[in-house]
Amino acid sequence: MTSQRTRMRMIERLRDQGIADEVVLSVMNTIPRHLFIEEALASRAYEDVSLPINFGQTISSPWIVARMSELLRANSNLGNVLEIGTGCGYQTAILAQLASQVYSIERIGPLLTRTRIRLHKLQIRNIFLKHADGMLGLSESGPFDGIIITAVTAHIPPVLLNQLALGGRIVFPKGSRKQNLCIIERNTQGFIERVLEEVNFVPILSGVIKK
Ligand code: SAH
């Protein structure tokens, strides 16, 4: 159920479903997704579904993780990356193989504590986890070549846009009831937005939860 063969079948399916970035696919082939999910659900880890991860949150489906990763990478290696919404840390672990360093912010303290232990066990070192409201960004560690938001929001606050490097991009689900993946790119003229396929995410919430 959780073997390398099951994972390879997931990769073949993602390729069939249009994921074209082979670097993303090969990284997803090395990360054991079942270790990010509660034991009772681990046998479903490689199905193309999102699954519950406690505290009312969900791990994104393999297709969403692959799609957002390929959009963020845009066919070149990433330098400094910011993730908002660490959750179980699966997307974080993938990004850590695609970028020089990944800063990831989660608002639910106890969820982040579990994720910290999990990522430490997997010996992923180039990540920095922070318990905070992610929509304020992390200006002291920016600017970022890529920002990824794994919960849906109607708009990006200026404080976050300002932490994007020139030539960098933000990938996030935009909307409220109807949601679409969206890319905002920063160039010398300003910010350019592109709206892509329809998706379904849990919402961005403000403030932090301590216990
Ligand atoms: N990439 C994660 C997705 C988790 S769901 C995974 O695959 O596991 C979205 C996550 O965003 C949740 O863990 C939620 O607590 C977090 N989140 C929501 N609003 C946030 C905010 N303002 N700052 C930081 N994290 C936030």
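Numbering of ligands and ligand atoms starts at 1, following listing order.
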Applying a strict under-4.5 Å side-chain criterion to I, L, V, M, F, W and Y, I'd like to know whether Val65 and Leu82 cluster together.
no

re atom 5 (S) of ligand 1, the protein heavy-atom contact at minimum distance is Thr58 O, 3.2 Å

Atoms of ligand 1 under 4.0 Å from any heavy atom of Ile105, numbered from 1 in the order shown, are 24 (C), 25 (N)

I'd like to know whether Val81 forms a side-chain contact (heavy atoms from CB on, under 4.5 Å) with Asp145, so could you lay out the CA-CA distance, the side-chain angles of the two residues, the decisive distance to 0.1 Å, and finally the verdict.
CA-CA 6 Å; Val81 165; Asp145 306 305; 5.5 Å; no

Can you tell me which residue and heavy atom of the protein come closest to atom 20 (C) of ligand 1, and the distance to 0.1 Å?
Arg107 CD, 3.4 Å

Would you please say whether a donor-acceptor pair under 3.5 Å links the side chains of Ser104 and Thr86?
yes

Going by distance only, is there an N or O of Gln91 that falls short of 3.5 Å from an N or O of ligand 1?
no

Within the side chain of Asn80, is there an N or O that forms a donor-acceptor pair under 3.5 Å with the backbone of Gly146?
no

Heavy-atom nearest pair, Ile148 first then Leu95, reads CG2-CD1, 3.7 Å

What is the nearest protein non-hydrogen atom to atom 3 (C) of ligand 1, stated with its residue, atom name and distance?
Thr150 OG1, 3.4 Å

Select the closest option to atom 22 (N) of ligand 1 among Ile84, Ile64, Leu205, judged by heavy-atom distance.
Leu205

Which residue and non-hydrogen atom of the protein lie closest to atom 7 (O) of ligand 1, and at what distance in Å?
Ser60 N, 3.1 Å

Counting only heavy atoms, tell me which of Lys130, Glu106, Gln57, Met135 gets closest to atom 15 (O) of ligand 1.
Glu106

Quick note on ligand 1: atoms under 4.0 Å from a heavy atom of Val202 include exactly 5 (S), 9 (C)

Distance under 6.0 Å and angle within 45° of the ring axis: does Arg33 meet both against Tyr46?
no

Just let me know how Thr86 lines up against ligand 1, side chain, backbone, both or neither, with a heavy-atom cut-off below 4.0 Å.
backbone

Show your reasoning for whether side-chain contact (heavy atoms from CB on, under 4.5 Å) applies to Leu14 and Asp16.
CA-CA 5 Å; Leu14 291 171; Asp16 289 347; over 6 Å; no

Is there a donor-acceptor pair closer than 3.5 Å between any side-chain N or O of Thr150 and the backbone N or O of Gly85?
yes

Do you know the tightest heavy-atom contact between Met135 and His155?
CE-O, 4.0 Å

Got the closest protein heavy atom to atom 11 (O) of ligand 1, with its distance?
Gly85 CA, 3.2 Å

If you look at every heavy atom in Ala96 and Ile124, which pair is closest and at what distance?
CB-CG2, 3.5 Å

Cys88 to ligand 1: N or O pair under 3.5 Å?
yes

Tell me: protein heavy atom nearest atom 23 (N) of ligand 1, and distance?
Gly134 N, 2.8 Å

Got an N/O contact under 3.5 Å between Ile108 and ligand 1?
no

Geometry only, no angles: is Tyr90 polar-contacting ligand 1 at N/O separations under 3.5 Å?
no

Got a donor-acceptor contact below 3.5 angstrom from the Asn180 side chain to the Gly175 backbone?
no

Using heavy atoms and a threshold below 4.0 Å, how should the contact between Leu111 and ligand 1 be classified: side chain, backbone, both, or neither?
side chain

State the atoms of ligand 1, each with its element, that fall below the 4.0 Å cut-off from a heavy-atom position in Asp133.
21 (C), 22 (N), 23 (N)

